[in-house]
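The block underneath contains the structure these notes are about, expressed in structure tokens.
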Protein chains: 2
Amino acid sequence: MNLKQLAAHLGLSQTTVSRALNGYPEVSEQTRIRVAEAARALNYSPNARAKGLATGRAMAIGHVIPISTQHEMVNPVFGDFIAGASEAYLKAGYDMTLSISGDEDEADNYRRLKAKGHVDGIIVHGPKMADGRIPFLRGLDLPFVVHGRASDLDVPYSWIDMNNARAFKRATSFLLDLGHTRIALLNGLEFMDFAYRRRIGYEEALGERGLAPDPALIRGEEMTEPFGYRAAAELLATDEPPTAFLSSSLITAIGIRRAIHEAGLEMGRDVSVLTHDDDLSYLANGRDMPIFTATRSSVREAGRIAAEMLLRHIAEPGRDPETHLLEAQLIIGGSTGPAPKQT
Amino acid sequence: MNLKQLAAHLGLSQTTVSRALNGYPEVSEQTRIRVAEAARALNYSPNARAKGLATGRAMAIGHVIPISTQHEMVNPVFGDFIAGASEAYLKAGYDMTLSISGDEDEADNYRRLKAKGHVDGIIVHGPKMADGRIPFLRGLDLPFVVHGRASDLDVPYSWIDMNNARAFKRATSFLLDLGHTRIALLNGLEFMDFAYRRRIGYEEALGERGLAPDPALIRGEEMTEPFGYRAAAELLATDEPPTAFLSSSLITAIGIRRAIHEAGLEMGRDVSVLTHDDDLSYLANGRDMPIFTATRSSVREAGRIAAEMLLRHIAEPGRDPETHLLEAQLIIGGSTGPAPKQT
DNA sequence: GAGTCACCCCAAAGCGCTTTGAAGTTGGCC
DNA sequence: GGCCAACTTCAAAGCGCTTTGGGGTGACTC
């Protein structure tokens with residue numbers, strides 16, 4: 001069923017039918033209703049390609065998700081982010097196109113995405129500190145919003161980010177207040193911007209108390225459970241083990257917990273753990289009594305906001321870049337407690 | 001840069017340029033090279049919409065992911081599945097469009113997807129036992145492949161599935177061999193087909209040893225960490241606690257582990273845990289010495305195979321439905337051991 | 001030198017929609 | 001009754017590509 005057939009069926013011209021369907025004022029209310037009913041009855045829905053060709057708008061947003069080529073790892077945060085974004089897209093009638101790209105062919109990927117013309121805008125995931133994609137996209141005349149920031153870049157662009165530095169500064173201060181001084185940081189890969197900022201926050205908090213960060217206590221890797229386990233096990237086995245762990249991911253924290261238990265210690269009493277919590281739907285940390293004390297910020301909400309920002313920019317092409325900083329909540333759970341007395 | 005401009009630039013007709021680019025034989029090798037070089041130099045890449053309109057093929061696959069409306073949960077398996085599928089799409093030059101749909105508007109979603117004509121095929125995620133989407137799609141003349149099966153349906157369609165029944169039967173038998181008789185099953189929601197099949201496998205294994213399943217030991221919920229924790233804690237607190245847990249998800253198993261520790265017991269000695277492991281990139285269970293004894297089957301590989309199947313069906317429309325059953329490996333880890341002696 | 005192939009290449013139609021510019025129809029007013 | 005404005009509706013062009021059905025050109029035969 002296409003426009004032509006529908007128009008023929010109604011005894012109207014394509015123009016009128018098209019206008020009726022798209023809410024143009026030049027059509028009488030009566031005709032509009034008649035058209036709308038016929039469209040529904042005959043199960044007509046306009047061909048998106050043709051529509052796109054004619055209007056120049058694709059009514060689709062591209063998400064390019066980079067897969068870390070070293071570890072072939074898919075960011076676990078992705079599903080929830082997408083779910084949030086799609087709420088916004090759904091309302092606005094936009095589709096979502098995904099491309100997964102290794103690190104190398106990214107630029108090309110974007111260029112193609114644009115040339116092929118099937119997206120009106122792009123969401124950039126997982127920015128690195130110096131992310132080449134951003135200047136590249138700026139030159140491309142395609143609206144985009146970055147989920148995160150690129151610290152090394154000093155050009156304007158739209159982003160939404162969690163206040164990583166602040167969150168980790170607060171988290172570190174919280175642990176310091178409890179008397180911990182040897183606080184390990186199990187971070188993500190530090191060329192990732194979020195990880196870099198978290199470390200900054202951590203160091204700032206230490207600095208304010210006159211403490212120098214101990215490189216031996218800081219690790220940055222892909223945030224898996226085994227990483228948390230291995231790192232925590234190693235650190236706990238040293239002469240001067242940390243009394244608290246700061247983790248960049250709930251998954252890593254779970255690994256830390258395992259190592260703690262295996263060392264015959266108790267989390268929250270002998271060793272404290274504070275983790276960031278992206279509030280993922282399948283990895284709940286508990287609402288009333290969270291397992292882990294955590295800095296919490298919903299990635300899903302970030303997705304929704306990012307999508308809304310992007311849609312605004314598509315609607316108003318001249319618009320200045322827009323930024324949005326989310327503050328994480330500090331949620332007190334059962335995994336932290338006062339530093340154990342020196343023995 | 002579009003075809004017309006490129007053709008003008010080369011002093012050729014659009015036809016010739018198009019043919020040269022698409023590898024038709026009517027073009028001299030020399031012209032072809034000249035065209036290809038110009039295209040690259042001018043950064044030309046054909047407009048996907050126009051191409052789609054002209055050819056009738058969208059060069060895109062639709063993934064419709066249902067979000068459980070009750071829990072607003074995104075399937076954690078999704079990211080890895082997609083990553084696998086996109087390997088296949090990339091090679092074949094296909095794109096991937098995502099739509100997220102609540103349970104209600106699914107049929108409509110598919111119909112629209114087809115009418116709008118921007119996908120050539122669909123991957124169906126998360127089938128339920130009686131899944132209305134399958135008969136619906138069969139009537140739609142749009143190739144599709146289901147990730148999983150719908151047990152209540154007796155119509156032919158293409159699917160790829162893990163042998164859930166077999167895996168859980170083996171897992172249960174393994175635990176029975178170790179002397180466990182009270183084995184709890186912490187399953188997914190049992191209207192989901194995979195969960196249903198897993199339960200069947202579990203019951204079969206018990207049946208072969210003349211044991212009847214104890215309803216008190218069986219739970220089916222959304223597979224979160226808190227679910228595993230809560231269920232295990234409750235069950236361990238009963239008069240006749242289970243000596244082993246069979247879990248449908250690594251995440252749930254992590255919750256079980258927490259409950260076991262909290263009860264002052266040791267996993268693998270006092271209580272055994274055997275879980276299914278989808279081999280997710282961010283939730284590694286360990287390679288050489290896995291934490292959990294597990295039935296392992298890579299969801300990422302399933303994604304790749306599903307995509308390849310679908311592409312085949314798109315290429316050869318007449319093709320009969322094709323099915324693919326993956327067998328899970330049984331991986332021995334540290335979470336299982338002989339049933340403790342009765343006291 | 002005319003006829004016959006290959007070999008290249010082209011003009012134009014068509015995919016399904018939007019949108020421009022114009023035309024037909026009404027009703028109201030002088 | 002005639003004219004204008006307002007309201008509806010329409011035909012046709014155009015979005016960027018593929019593809020059909022022709023044609024032109026040169027080399028090769030007889």
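Values reported hereafter were calculated over all heavy atoms of this structure, with side chains retained and with hydrogens, waters and symmetry mates removed. Here is how names work: the chains are called A, B, and so on, in the same order as the sequence lines, proteins then strands, and each is numbered from 1. Since this is a predicted model, take the numbers as computed values, not measurements.
- Across the interface with DNA chain D, nearest-nucleotide mapping of B:Ser45 and B:Glu26 shows B:Ser45 to be the residue nearer the 5′ end.
- For A:Asn22 and C:dT18, the shortest distance from a side-chain N or O to OP1 or OP2 is below 4.0 Å.
- In this entry the distance linking CG of A:Leu3 with C1' of C:dT18 reads 9 Å, nearest Å.
- Regarding contacts with the backbone of C:dT18, a side-chain N or O of A:Lys51 is found under 4.0 angstrom from either OP1 or OP2.
- Atom CZ of A:Arg32 is separated from atom P of D:dC7 by 14 Å (rounded to the nearest Å).
- In this structure, CD1 of A:Ile33 is placed 12 Å from P of D:dT8, rounded to the nearest angstrom.
- Residue A:Arg57 qualifies as open at atom CZ: its count of foreign heavy atoms under 6.0 Å is 12 or below.
- A sub-4.0 Å separation between OP1 or OP2 of C:dC17 and a side-chain N or O of A:Tyr44 is present.
- B:Trp159 has its side chain out of reach of B:Val124: every pair of non-hydrogen atoms, C-beta onward, lies at least 4.5 Å apart.
- Rounded to whole Å, the distance from CZ on A:Arg49 to P on C:dG14 is 19 Å.
- In this model, the phosphate group of C:dC9 is not approached by any side-chain N or O of B:Thr16 to a distance below 4.0 Å at OP1 or OP2.
- Under the 4.5 Å side-chain criterion, counting only non-hydrogen atoms from C-beta, B:Leu325 is in contact with B:Arg149.
- Distance from the side chain of B:Gln14 is smallest for D:dC17 among the nucleotides D:dC17, D:dA11, C:dG16.
- The distance between atom CG of B:Asn47 and atom P of D:dG16, rounded to the nearest whole Å, is 7 Å.
- Rounded to a whole Å, the CZ atom of B:Arg19 is 8 Å from the C1' atom of D:dT20.
- Between A:Arg40 and A:Glu37 there is no salt bridge, since none of the side-chain N atoms of the basic residue sits less than 4.0 Å from a carboxylate O of the acidic one.
- Across all strands, B:Ser28 comes closer than 4.0 Å only to sugar-phosphate atoms, never to a base (heavy-atom distances).
- B:Thr55 has no side-chain polar atom (N or O) that falls below the 4.0 Å cut-off from OP1 or OP2 of D:dT19.
- Among the protein residues, A:Ser18 comes within range of the nucleic acid bases, having at least one heavy atom under 4.0 Å from a base atom.
- With hydrogens and angles ignored, a donor-acceptor pair under 3.5 angstrom links the side chain of B:Thr15 to the base of D:dT19.
- In this structure, the CD atom of A:Gln5 is 8 Å from the P atom of C:dG16, given to the nearest Å.
- Among D:dG16, C:dC17, D:dC10, the nucleotide with an atom closest to any side-chain atom of A:Leu12 is D:dC10.
- The side chain of B:Val27 lies closest to C:dC9, out of D:dT19, C:dC9, D:dG16.
- Salt bridge A:Glu308/A:Arg304: present, at least one basic N to carboxylate O contact under 4.0 Å.
- One can place CG of A:Leu53 at 13 Å from P of C:dT19, the figure rounded to the nearest angstrom.
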